[in-house]
Amino acid sequence: MTPFGEAVRRLRARKGVSQKEMAQALNVSPAYLSALEHGKRGLPTFDLLQRIAGYFNIIWDEAEELFLLARSSDPRVVIDTSGLPSEHTEFANRLARQIRSLDSADIARLSALLENGGKGDGKAS
């Protein structure tokens, strides 16, 4: 499940509606909504994101957070390393091959590195 899918599921639970009810109200198929929640579909359209925000009647800040989650939840990521040094391309490909074997601690360490602009945290591993 993606961060966006988890957020939609929480919103549905808060409103007390099923996927089928929500799908019908948004004029999408229940299968599509399920695939979107489970990260088996790519980024939803801006129009659909607006309909989802309207359906849940969420305030602007919460809608903005939902939109940001959607942008960071596309399960089909493409990393363009053209023009970068070869080690960047090698790293991107290694990450693609090994991402499923990384545990939560590995992800947290890599995320911290990215948050710090790639400078590390100064701690020895």
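All values reported here derive from a predicted model rather than from experimental measurement. FYI, the numbering just counts along the sequence from 1.
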Closest non-hydrogen atom pair between Leu66 and Ala7, with its separation: CD1-CB, 3.9 Å
Steps toward side-chain hydrogen bond (donor to acceptor under 3.5 Å, both in side chains) verdict (Asp47, Thr45): CA-CA 5 Å; Asp47 176 62; Thr45 64; 4.8 Å; no
Minimal non-hydrogen separation, Ala23 against Leu33, with atom names: N-CD2, 3.7 Å
Donor-acceptor pair, side chain of Asp106 and main chain of Asp103, under 3.5 angstrom: yes
Any side-chain heavy-atom pair of Leu68 and Phe4 under 4.5 Å: no
Side chains of Asn93 and Arg97 in contact at under 4.5 Å (non-hydrogen atoms): yes
Donor-acceptor contact below 3.5 Å, side chain Ser29 vs main chain Tyr32: yes
Pair Glu62 + Arg14, salt bridge at N-O below 4.0 Å: yes
Note, Met22 side chain near Val28 side chain (heavy atom, < 4.5 Å): no
Side-chain heavy atoms of Val17 within contact of Tyr55, under 4.5 Å: yes
Check: Leu36 and Val8 side chains under 4.5 Å, non-hydrogen atoms: no
Main-chain N/O of Leu69 paired to Ser73 side chain as donor or acceptor, under 3.5 Å: yes
Hphob cluster co-occupancy, Phe67 + Val77, side-chain heavy atoms under 4.5 angstrom: no
Residues forming a side chain to side chain donor-acceptor pair (under 3.5 Å) with Arg9, sequence neighbours excluded: Glu37, His38
